[in-house]
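Remarks on the structure that follows.
Order of the sequence lines sets the chain letters (A, B, ...), proteins ahead of strands, with each chain counted from 1. Because the structure is a prediction, the values reported are computed rather than measured.
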2 protein chains.
Amino acid sequence: MCEDRRSRRRRDPAATRTALLRAAAELFAERGFEQTTVRDVAARAEVNQALLFRYFGSKQELFAEVLNRNSETLLETVPPAELPRRILENVLSEGAVVGGEHTLVGMLRSFGDERAARVLRDELGESYSRRLARLSDARDARLRADLVLAWLFGIGMLRSVLRKSPLAEADEREVLDHVTRTVALLLENSESGDPAEE
Amino acid sequence: MCEDRRSRRRRDPAATRTALLRAAAELFAERGFEQTTVRDVAARAEVNQALLFRYFGSKQELFAEVLNRNSETLLETVPPAELPRRILENVLSEGAVVGGEHTLVGMLRSFGDERAARVLRDELGESYSRRLARLSDARDARLRADLVLAWLFGIGMLRSVLRKSPLAEADEREVLDHVTRTVALLLENSESGDPAEE
DNA sequence: GACAAAAGTAAGCAACCGCTTACCAAAAGT
DNA sequence: ACTTTTGGTAAGCGGTTGCTTACTTTTGTC
């Protein structure tokens with residue numbers, strides 16, 4: 001009561017920016033791109049919603065920034081060989097760190113939207129699969145990497161978004177075992193002879 | 001000109017119902033649940049949009065009916081052993097038959113929406129994965145079936161919805177080979193000894 | 001042909017969406 | 001101390017959404 005309702009904090013643009021970014025990361029992860037409204041984001045960040053557009057221009061650009069920020073950490077710190085494991089771990093243990101690197105589930109929930117899909121394909125999928133492709137020395141390593149990525153996404157879909165049983169309730173380690181074992185088989189060069197060389 | 005603009009056809013409730021159903025199947029497949037509006041459906045069916053609610057009650061119920069109708073044909077005619085192949089073929093050759101059994105891509109596009117997801121999980125995923133589980137005699141056959149389903153969905157996602165390259169441009173047969181070979185390895189009982197029997 | 005049930009239509013409601021505008025107050029520059 | 005710049009705010013615009021309502025027209029039945 002000693003404090004006026006307006007200007008509760010001394011102005012701090014950097015703080016409100018990151019507050020918006022954090023709130024957006026949480027909400028995109030929880031509900032996906034479409035189901036998250038700019039009013040929701042602003043409300044959770046306790047910030048006027050017009051500021052969202054001042055700082056990020058549009059909802060789409062905000063989404064892109066959230067994705068980039070959170071994928072960088074995972075992509076740059078983890079060596080390629082452990083990438084499938086780490087991505088899967090991230091997808092399997094949903095609800096762990098909300099503010100952290102956990103936007104993957106949000107990505108999955110946003111596939112349906114055309115604009116969000118474009119961001120995902122152009123800015124994220126490419127860097128992920130290029131890294132994964134290093135794990136195979138087959139002629140079609142890039143394709144196999146995409147198949148691995150597709151599997152990880154699909155598992156996240158069914159488990160975290162669709163919540164399909166028994167996958168949704170399955171033990172994390174059990175799933176991890178199946179996938180890592182099978183992925184290794186997929187990536188190893190099956191066609192040793194290579195009869196058709198183009 | 002000899003024909004009045006209203007009542008161009010003699011009234012045929014069954015015809016308008018199936019017209020709505022067909023238009024909905026096409027649009028859901030093309031754009032997904034959320035991006036398809038009831039006005040779009042009614043327009044393509046050349047039917048007043050209020051009739052959609054007379055016949056189906058809500059957009060959600062219409063979606064459920066479309067999914068059920070189209071999955072029945074695939075599930076009841078195809079033997080389990082060929083199911084992965086057939087599902088994948090269906091997903092890979094997008095844009096083939098729009099009015100036919102090709103709503104799978106539409107399913108994928110609709111994952112983001114909570115209501116659509118519920119329909120998918122309860123009415124579809126269950127019957128698909130129960131069938132797939134027959135292909136493995138492992139203790140955790142159901143889980144492995146879910147992993148197969150997840151892969152097929154993920155591939156459809158990346159290829160048809162996200163259009164990620166090189167997967168999107170890859171040869172249909174090449175993808176089919178990789179997947180069928182690897183799925184077989186996943187489904188075969190890896191733990192022959194089965195030390196922990198519950 | 002009268003009449004009730006069913007099929008079809010036009011219009012609009014209430015809510016929500018992303019985004020913009022006009023304005024105000026706090027900070028920074030001088 | 002005055003002005004400029006900038007962070008913050010309230011209000012609302014134009015559009016879309018799923019769905020409803022009040023109404024007209026056709027159809028089957030006697």
Margin query: Is any side-chain heavy atom of I87(A) closer than 4.5 Å to one of V78(A)?
Written below: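 No, too far: nothing below the 4.5 Å cut-off.
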Interatomic distance, [X] [atom1] vs [N] [atom2] [rounded to whole Å]:
X: R11(B); N: dG8(C); atom1: CZ; atom2: C1'; value: 5 Å
X: L62(B); N: dC19(D); atom1: CG; atom2: C1'; value: 14 Å
X: F53(A); N: dG18(C); atom1: CZ; atom2: P; value: 7 Å
X: R54(A); N: dC19(C); atom1: CZ; atom2: P; value: 16 Å
X: D12(A); N: dA25(C); atom1: CG; atom2: P; value: 21 Å
X: E34(A); N: dC16(C); atom1: CD; atom2: P; value: 17 Å
X: F33(B); N: dT17(D); atom1: CZ; atom2: C1'; value: 12 Å
X: R31(A); N: dC17(C); atom1: CZ; atom2: C1'; value: 14 Å

| query | Which base, if any, makes a Watson-Crick or G-U wobble pair with dT30(C), both distances under 3.5 Å? | reply |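 Across all strands, the one nucleotide that pairs with dT30(C) is dA1(D).
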Pairs involving residues 115-146 of chain A, ordered by first then second residue, that meet ring-ring contact (aromatic ring centres under 6.0 Å, His included) (sequence neighbours left out) =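 For residues 115-146 of chain A, and leaving out neighbouring residues, there are no ring-ring contact (aromatic ring centres under 6.0 Å, His included) pairs at all.
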Review item, nucleotides 11-13 of chain C N/O atoms under 3.5 Å of protein N/O:
from, atom 1, to, atom 2, distance (Å)
dG12(C), O6, R39(B), NH2, 3.4

query = Does the R144(B) side chain pair with the main chain of L186(B), one donor and one acceptor, at a distance under 3.5 Å?
reply =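 Pair found, side chain donor or acceptor close to backbone of L186(B).
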Requested in this report: For F56(B), report the nucleic acid contact type (base, sugar-phosphate, nothing); a contact means any heavy atom under 4.0 Å.
Outcome: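 Result for F56(B) = nothing.
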Parallel, tilted or perpendicular: which fits the ring planes of F28(A) and F33(A), with parallel below 30° and perpendicular above 60°?
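Parallel, since the angle between the ring planes stays under 30°.
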Parallel, tilted or perpendicular for W151(B) and W151(A), by the 30°/60° rule?
->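 Parallel, since the angle between the ring planes stays under 30°.
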Less than 3.5 Å apart, any donor N or O on the side chain of Q35(B) or E34(A) sitting next to an acceptor on the other?
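Side-chain D/A pair, Q35(B) to E34(A): present.
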- prompt: So which of V38(B), L52(B), L67(B) actually passes side chain to side chain contact (heavy atoms under 4.5 Å, CB included) with L62(B)?
  reply: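 Running side chain to side chain contact (heavy atoms under 4.5 Å, CB included) over V38(B), L52(B), L67(B) with L62(B) returns exactly one hit, L52(B).
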*Below 4.0 Å: OP1/OP2 of dG7(D) and any side-chain N or O of Y55(A)*: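 Answer no for this pair, as no side-chain N or O of Y55(A) is under 4.0 Å from OP1 or OP2.
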Phosphate contact (dG8(D) OP1 or OP2) by T16(A) side-chain N/O below 4.0 Å:
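Affirmative; the distance criterion is met.
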Practice problem: For P13(B) and for G57(A), find the nucleotide of DNA chain C with the closest heavy atom, then tell me which residue's nucleotide is more 5'. | Solution: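 It is P13(B), whose closest nucleotide lies nearer the 5' terminus.
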T37(A) side-chain proximity, nearest of dG8(D), dC17(C), dG18(D):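 Out of dG8(D), dC17(C), dG18(D), the nucleotide with an atom closest to T37(A)'s side chain is dC17(C).
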